[in-house]
Amino acid sequence: MKNKRRLNSSSVGLLMTVLCFMPSFAYKKVLVTGGAGFLGSHLCKKLLDMPDEFEVIALDNLYTGRLGNITPLFENERFSFIEHDVIDPIDIEVDYIFNLACPASPPHYQKDPLFTTKTCVFGAINMLELAKKYNAPILQASTSEVYGDPEVHPQVETYRGLVNPIGIRSCYDEGKRCAESIFFDYHRMHNVPIKVVRIFNTYGPNMDPKDGRVISNFIMQALKNESITVYGTGLQTRSFCYVDDLINGFIAMMFKTDDDFTGPINLGNPREYNLMQLAKCILDLTNSSSEVVRMALPQDDPKVRCPDISLAKECLGWSPKVLLKDGITQTIEYFKHYI
Ligand code: NAD
Ligand code: UDP
């Protein structure tokens, strides 16, 4: 791959010193943490394609992200990559920050729960310090997991959630809740312009086929005619948003002209499916002969999840457009390269 604009964090200080003595760039600089991951790579591409001609810096420690996701972006002179862990501070002069760095799949965020918590909490503080220093608007990729196993359905932003603070999911759920709290304190104490989005299950190309989330698992299993692993009864529900729709929501939120709008705001597809319906959809679209097998339900697995997106409709004029069968078809085409 071309890596002429690939830096590690120790090179960044030197680069900053050099840049101080150069005429300033015309382009606005956008930092995307977690930029080599599933959502981050789509966001970087979208930003590079926008008429504003942003300079886009992807920052990632490659914990779950893959350089392959961003390889095509190096064709664009306005794109660069920094290998860095958000747990450690960094100083880069930027105009906007999207903070996406964090493993999102339960098997990955549970593998090293202390790392997950540190990523959520120290990552938030380090990126907010940067936002404060350069007065840069900062968007936080929060999650529907802040609602836990919800008693209010669909979930509205005012619902405070039902989260187990000591379970196997709490490193992520409580880490993201703590990050939201830190975001709002930086906003109240230091006037940092924050944008908090609560993302509901999102899927699409560039997901890691071994990521462990339900859509990647079911599609890979169906394409290989292996058993489809349904955890529990399969009657638990999720609401699946196609990645292009979600990224449009990120852009609408970040570049909304009303600077005072902080969120939190739900971004997700309000169409709800249970996992048996999802398995059937994927089996039909892949023409697979796989059979469904039941496996143990993981601890604290939420029973239902569906966003109320009234606020996103009203404040951003945003709603998802892509139907599940169309998004799944695109995703199947992507995963076929891994068979
Ligand atoms: P992903 O695992 O594909 O991407 C996360 C990226 O962050 C990876 O590239 C990973 O290497 C990087 N990363 C992790 N820890 C890091 C650290 N300490 N320092 C630097 N980089 C680090 O997951 P995704 O689906 O793209 O999720 C992106 C963000 O969106 C995450 O913050 C996640 O919590 C949030 N989110 C995603 C979904 C979803 O359905 N995809 C739902 C809710 C929230
Ligand atoms: N799930 C499943 N089979 C799998 C992977 C996940 O039945 O192979 C279930 C999981 O228990 C949960 C739902 O699918 O009920 C969504 O899981 P995912 O890991 O995608 O994300 P979550 O929404 O739980 O964070």
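Scope of the values below: all heavy atoms of this structure, side chains included, with no hydrogens, waters or symmetry mates. For ligands, and for the atoms within them, numbers begin at 1 and follow the listed sequence.
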Practice item. Determine, for Tyr27 and Arg78, whether the Lys NZ or Arg CZ falls below 6.0 Å from the six-membered ring centre while staying within 45 degrees of the axis. Key: yes
Practice item. Could you tell me the residue and atom name of the protein heavy atom closest to atom 1 (N) of ligand 2, and the distance to it rounded to 0.1 Å? Key: Tyr231 CD1, 3.3 Å
Check your understanding: Once you round to the nearest 0.5 Å, how far does CZ of Phe98 lie from CD1 of Ile247?
Key -> 8.5 Å
Study note, to complete from the structure: Interatomic distance, CG@Asp52 vs NZ@Lys28, rounded to 0.5 Å, equals 10.0 Å
Exercise for review: Please state whether the rings of His337 and Tyr334 are parallel, tilted or perpendicular, taking 30° and 60° as the class boundaries.
Suggested key: perpendicular
Exercise for review: Specify side chain, backbone, both or neither for Asp301, according to which of its non-hydrogen atoms lie closer than 4.0 Å to ligand 2.
Suggested key: side chain
Check your understanding: Nearest heavy-atom pair of Arg305 and Glu272: which atoms, and what distance?
Key -> O-CG, 4.1 Å
Point to revise | Protein residue, atom and distance nearest to atom 3 (N) of ligand 2, heavy-atom basis | key: Thr229 O, 2.6 Å
Check your understanding: Are Arg188 and Asp185 ion-paired here, with the side-chain N under 4.0 Å from a carboxylate O?
Key -> yes
Exercise for review: Would you kindly specify which portion of Arg213 sits under 4.0 Å from ligand 2, judged on non-hydrogen atoms: side chain, backbone, both or neither?
Suggested key: both
Point to revise | Numbered atoms and elements of ligand 2 in range of Leu275, under 4.0 angstrom, heavy atoms | key: 7 (O), 9 (C), 13 (C), 14 (O), 15 (O)
Review point. Has Glu145 got any heavy atom lying under 4.0 angstrom from an atom of ligand 2?
Key: yes
Review point. Parallel under 30°, tilted from 30 to 60°, perpendicular over 60°: which one fits the rings of Tyr63 and Phe115?
Key: tilted
Check your understanding: Who's touching ligand 1 if we go heavy atoms under 4.0 Å?
Key -> Gly34, Ala36, Gly37, Phe38, Leu39, Asp60, Asn61, Leu62, Tyr63, Thr64, Gly65, His84, Asp85, Val86, Leu100, Ala101, Cys102, Pro103, Ala104, Phe115, Thr119, Ala141, Ser142, Thr143, Tyr172, Lys176, Ile199, Asn201, Thr202, Arg213
**Study point:** Any donor-acceptor N/O pair, Ser290 side chain to Glu226 backbone, under 3.5 Å
**Key:** yes
**Study point:** Cationic N near anionic O, under 4.0 Å, Lys336 to Glu333
**Key:** yes
Check your understanding: Looking only at heavy atoms of Ser105, does any of them come nearer than 4.0 Å to an atom of ligand 2?
Key -> no
Check your understanding: Taking only heavy atoms of Pro106, which atoms of ligand 2 are found under 4.0 Å from at least one of them?
Key -> 19 (O), 25 (O)
Check your understanding: Does Arg169 have a non-hydrogen atom less than 4.0 Å from ligand 2?
Key -> yes
Practice item. Give the residue and atom name of whichever protein heavy atom lies nearest to atom 16 (C) of ligand 2, and the separation in Å to one decimal. Key: Arg238 NE, 3.6 Å
